[in-house]
Amino acid sequence: MRIYNTLSGQKEEFVPLKPGTVKMYVCGPTVYSFIHIGNARPAVIFDSFRRYLEYRGFSVIYVQNFTDIDDKIIKAANAEGISPKTLADRYISEYFKDSCALGIKPATYHPRTTDFVDNIKEFIAALEKKKFAYQRGNDVYFDVSAFPSYGALSHRNPADMRAGSRVEVNENKDDPLDFVLWKGSKPEEPKWESPWGEGRPGWHIECSAMSTTLLGDAFDIHAGGNDLIFPHHEDERAQSEALTGKKWVSYWMHNGMISVKDEKMSKSVGNIFSAREALKVYGKNTIRMYLLSKHYRSPIEFSPERMEEARSAFSRISRVINEVDKKIGHDFKVVEDEFVKTQRSKMIEVLDDDFNTPQALSLIFDLVSEMISTEDTEKIKKIRFLLDEWNYFLGFDFEPDRKNADELVDLAIKLRNDARMRKDYKQSDEIRKKLEDYGIEVMDSPEGTKWRWK
RNA sequence: GGCGACGUAGCCAAGGGGUCAAAGGCGAGGGUCUGCAAAAUCCUUAUUCAUGGGUUCAAAUCCCAUCGUCGCCUCCA
């Protein structure tokens, strides 16, 4: 199995630290509003990869955090006149609604920054002791110059960055590249007691502290959007490796951005499409098809046209499956033969190569076509069996979409009433009988015809 | 300005030195089916991989240059 590692810039053979177990940390959202489809991408694909790893026989410990203390949360909470905790609680709960609707399995751990403040303080104190951090006023900064490989993950040179004009200048810092570990408190902000005075954690330190606490000093995969490579992940890596003196993360995985009209979808640009809206308009299957049909590291365009394409593509698979299920029923347990083994090894081959989901879908479309064209019921069952097996990591719902069922029943009721008006009771009774067969109870009343599912 | 990625059919998208006269999807055109229509199904749809050089027996795949697009360098998934 090969995984592209941002640190080395190439695909590497995947060797977990402990055979059979994968420890994986994925950067989760800052919970100050609903997530948008761009936030949903890493959530969906890394969950899918996690399940693929499980499919491949690994036991996966999967951590996804919530950043629940941050400037934007404080600002949003103050604007509403509620506490940051109340606001964060709300959007964490909304996050779970969306992620569940997207078919994402809950992580093994969902840590929140505010539950790890003690760990964070210990972490900072240890860095300070090792001379990687220094205090200025009530702030504590990480000393980048003390960490020689700073810039290795994002492939940049600290000297170039210092020369660049866009690095902020902060009087407090010894070096513009240094970053804050602990922020001295300001009025109207949540604060915690600390050796450096009242304050709160900086952004980057939380992931280092939470991952170390939950996964240990070293773990296998750290993932997130590629906009986090610098400075977030660069800084996390510096802190963690400075503290332990050991290699922290084996494989860094970063997904590409979702764009709208050639511009990155982001809350600051304002071109966002919420996951909830997308779920409502397109549904889980279309969204998953859309996200899986392009390689995770590439940028992907979000547009109604793309989504319609994904919808059509998914329906090709689902309608064939529904057709087949009507024919063979749901009992498609099969004997493992050469055909099954060959197809399975093809699937494993493409996904083992840095999770090539477009290629995986291509295999599925080929098999779906074969399912239509073959007369061999056993072969159909085998394909159906494999599709079911693979759906563990693809996460589709192949069950027919009943969204429009109510409208169809209304139409049938109308036709029945038209027949009643014509006094064509043979026809109307026939419709009522048919509806009953489908589990729909029809009741005529003075206020009109009512119906319900039995 | 610095760093990085990308440019494959009408559109989306794999491939990444020979097995490629390039997967798969969407769309489009034609056939079958059909009272009509739709659906379904079958067939067709890139001598070519941004452009120009180079390396090689061999390049979409490697190297250089040019053009174009995007991302990061500030919060961001």
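Here is the naming used below: chain letters follow the sequence lines, and residue numbers restart at 1 for every chain. As the structure is a prediction and not an experimental result, all values here were calculated from the model.
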Participant: Under the side-chain hydrogen bond (donor to acceptor under 3.5 Å, both in side chains) rule, what pairs show up with a residue in residues 176-186 of chain A, not counting sequence neighbours?
Facilitator: Tyr134(A)-Asp178(A), Trp182(A)-Ser194(A)
Participant: Under a 3.5 Å cutoff on both atom distances, Watson-Crick or G-U, what's the dot-bracket for RNA chain B ([ ] crossing, | other strand)?
Facilitator: ((((((((.[[[..)..(.....]]]((((((.......))))))....[[[[[..)....]]]]])))))))....
Participant: When you check every protein heavy atom under 4.0 Å of nucleotides 21-30 of chain B, what one-letter string (B, S, -) results, 5' to 3'?
Facilitator: --BSBSS---
Participant: Just wondering, more than 12 heavy atoms not from Lys346(A) lying within 6.0 Å of its NZ?
Facilitator: no
Participant: How would you list all residue pairs meeting salt bridge (Lys or Arg N to Asp or Glu O under 4.0 Å) that involve residues 34-43 of chain A, not counting sequence neighbours?
Facilitator: none
Participant: Just how far, in rounded Å, is P of G16(B) from CD of Gln10(A)?
Facilitator: 15 Å
Participant: Asn226(A) has an atom CG; how far is it from atom C1' of C6(B), in whole Å?
Facilitator: 12 Å
Participant: Quick one: Ile258(A) CD1 to A13(B) C1', roughly how many Å, whole number?
Facilitator: 16 Å
Participant: Applying a 4.0 Å non-hydrogen cut-off, can you work out what Ile229(A) is touching in the nucleic acid: base, sugar-phosphate, or nothing?
Facilitator: nothing
Participant: Calculate the interatomic distance between Glu263(A) atom CD and C70(B) atom P; express it in whole Å.
Facilitator: 9 Å
Participant: Without decimals, in angstroms, what is the distance between Leu292(A) CG and A14(B) C1'?
Facilitator: 14 Å
Participant: Among residues at least two apart in sequence or on other chains, which ones pass side chain to side chain contact (heavy atoms under 4.5 Å, CB included) with Glu54(A)?
Facilitator: Arg50(A), Arg51(A), Val60(A), Lys105(A), Tyr392(A)
Participant: Considering residues at least two apart in sequence or located in another chain, which fulfil the side chain to side chain contact (heavy atoms under 4.5 Å, CB included) criterion with Glu277(A)?
Facilitator: Phe273(A), Ser274(A), Lys280(A), Val281(A)
Participant: How about Tyr52(A) and Ile348(A): do any of their side-chain heavy atoms sit closer than 4.5 Å?
Facilitator: yes
Participant: Could you state the CD-C1' distance from Glu301(A) to C11(B), rounded to the nearest angstrom?
Facilitator: 12 Å
Participant: Return the residues of residues 144-157 of chain A meeting this criterion: a heavy atom under 4.0 Å from some atom of RNA chain B. Order them by number, or give none.
Facilitator: His155(A), Arg156(A)
Participant: Rounded to whole Å, how long is the line connecting atom CD of Glu349(A) with atom C1' of A14(B)?
Facilitator: 13 Å
Participant: With C1' as the reference atom in both, quote the distance from U19(B) to U32(B) in angstrom, rounded to an integer.
Facilitator: 35 Å
Participant: Kindly state each residue pair satisfying salt bridge (Lys or Arg N to Asp or Glu O under 4.0 Å) with at least one member in residues 6-16 of chain A, sequence neighbours excluded.
Facilitator: Lys11(A)-Asp353(A)
Participant: Of all the choices, C75(B), C70(B), A77(B), which nucleotide is nearest to the side chain of Asp262(A) once you look at every atom?
Facilitator: C70(B)
Participant: Could I get the full list of ring pair (Phe, Tyr, Trp, His ring centres under 6.0 Å) partners for Phe58(A), not counting sequence neighbours?
Facilitator: Phe14(A)
Participant: Rounded to whole Å, please give me the gap between CZ in Arg297(A) and C1' in A77(B).
Facilitator: 17 Å
Participant: Which one, C73(B), A77(B), U41(B), comes nearest to the side chain of Val320(A)?
Facilitator: U41(B)
Participant: Counting only side-chain nitrogens and oxygens, does Lys264(A) get under 4.0 Å of the OP1 or OP2 atom of A77(B)?
Facilitator: no
Participant: Near RNA chain B, which residues from residues 79-89 of chain A have a heavy atom under 4.0 Å away?
Facilitator: none
Participant: According to salt bridge (Lys or Arg N to Asp or Glu O under 4.0 Å), does anything in residues 282-298 of chain A pair up with another residue at least two apart or in another chain? List the pairs.
Facilitator: Lys284(A)-Asp397(A), Arg297(A)-Asp354(A)
Participant: What pairs meet the salt bridge (Lys or Arg N to Asp or Glu O under 4.0 Å) rule with one or both residues in residues 314-325 of chain A, with sequence neighbours excluded?
Facilitator: Asp325(A)-Arg384(A)
Participant: With heavy-atom distances below 4.5 Å as the criterion, would you say the side chains of Phe355(A) and Met253(A) are in contact?
Facilitator: yes
